[in-house]
Amino acid sequence: MSSPIEPEFQKIYDVVRAIPRGSVLSYGDVAKIAGSTARTVGWAMGNVDGLDVPWQRVVGADGYLRIGKRSPELKEKQHRLLLEEGVEFLENGYVDMAKQRDAGAPPPVPQTLSLDLDE
DNA sequence: TTGGTGACGCGGC
DNA sequence: CGCCGCGCCACCA
């Protein structure tokens, strides 16, 4: 509604959509895969508007929900959504990243995406 | 055009 | 282990 989705952001959204339910990726991870930067991914997540993008599955590299600077409610919403998806949290409110990798969790990025950013 | 800001990340202290 | 600063890229005034 605001701005036309550039193909580059499209890639970001594509990667986020590929995140399996109950799993999460960090902004940096998404950025690396989409060939962008963490900041840009963050900006993209803030512009999902009505797109079909599971923005809640993108968290900080340390597992912290880096939202709430100006939208504490949004952070709570993300927390709730992730809980419903089966994502485990720690006492401090951080996502249990260790569990994420250790739970024998499936690769965050399905091969269906075939990231061809390899030269 | 320049400068400041931000849903980030990481190295230094 | 926490705080600070720089780098990054896109957006807005």
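By convention in this document, chain letters (A, B, ...) are assigned in the order of the sequence lines, proteins followed by strands, and residues within each chain are numbered from 1. Side chains are part of it too, since the values below use all heavy atoms of this structure and drop only hydrogens, waters and symmetry mates.
- One can place CG of Asn92(A) at 10 Å from P of dG2(C), the figure rounded to the nearest angstrom.
- The side chain to side chain contact (heavy atoms under 4.5 Å, CB included) test applied to Asp62(A) returns Tyr64(A), Arg66(A), Tyr94(A), not counting sequence neighbours.
- Counting only heavy atoms from C-beta on, Thr37(A) has its side chain closest to dC9(C) among dA7(B), dC9(C), dC11(C).
- Tyr94(A) has its OH atom 16 Å from the P atom of dA7(B), to the nearest Å.
- Here dA7(B) presents its P atom at 9 Å from CD1 of Ile67(A), a figure rounded to the nearest Å.
- Applying the side chain to side chain contact (heavy atoms under 4.5 Å, CB included) criterion to Thr37(A), with sequence neighbours excluded, gives Arg39(A), Thr40(A).
- The salt bridge (charged side-chain N to carboxylate O under 4.0 Å, His left out) test applied to Arg21(A) returns no partner, not counting sequence neighbours.
- If you take atom P in dG5(C) and the same atom in dG4(B), they sit 15 Å apart, rounded to whole Å.
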Between N or O atoms, less than 3.5 Å apart, protein on one side and nucleotides 9-13 of chain B on the other: list the pairs.
from	atom 1	to	atom 2	distance (Å)
dG9(B)	OP1	Tyr27(A)	N	3.4
dG9(B)	OP1	Gly28(A)	N	3.1
dG9(B)	OP1	Ala61(A)	N	3.3
dG9(B)	OP2	Ala61(A)	N	3.0

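- Contacts of Glu76(A) classified as side chain to side chain donor-acceptor pair (under 3.5 Å), with partners at least two apart in sequence or in another chain: none.
- In this structure, the CD1 atom of Ile12(A) is 12 Å from the C1' atom of dA7(B), given to the nearest Å.
- Here dC9(C) presents its P atom at 16 Å from NZ of Lys11(A), a figure rounded to the nearest Å.
- Closest heavy-atom contact between Gln100(A) and Val24(A): OE1-N, 3.0 Å.
- Counting to the nearest Å, the C1' atom of dC11(C) and the CH2 atom of Trp43(A) are 7 Å from each other.
- When the P atom of dG7(C) is taken as reference, atom NZ of Lys32(A) falls 20 Å away, rounded to whole Å.
- Rounding to whole angstrom units, CG of residue Leu82(A) and C1' of dA7(B) are separated by 13 Å.
- Contacts of Arg17(A) classified as side chain to side chain contact (heavy atoms under 4.5 Å, CB included), with partners at least two apart in sequence or in another chain: Gln10(A), Tyr13(A), Asp14(A), Asp52(A), Val53(A), Pro54(A).
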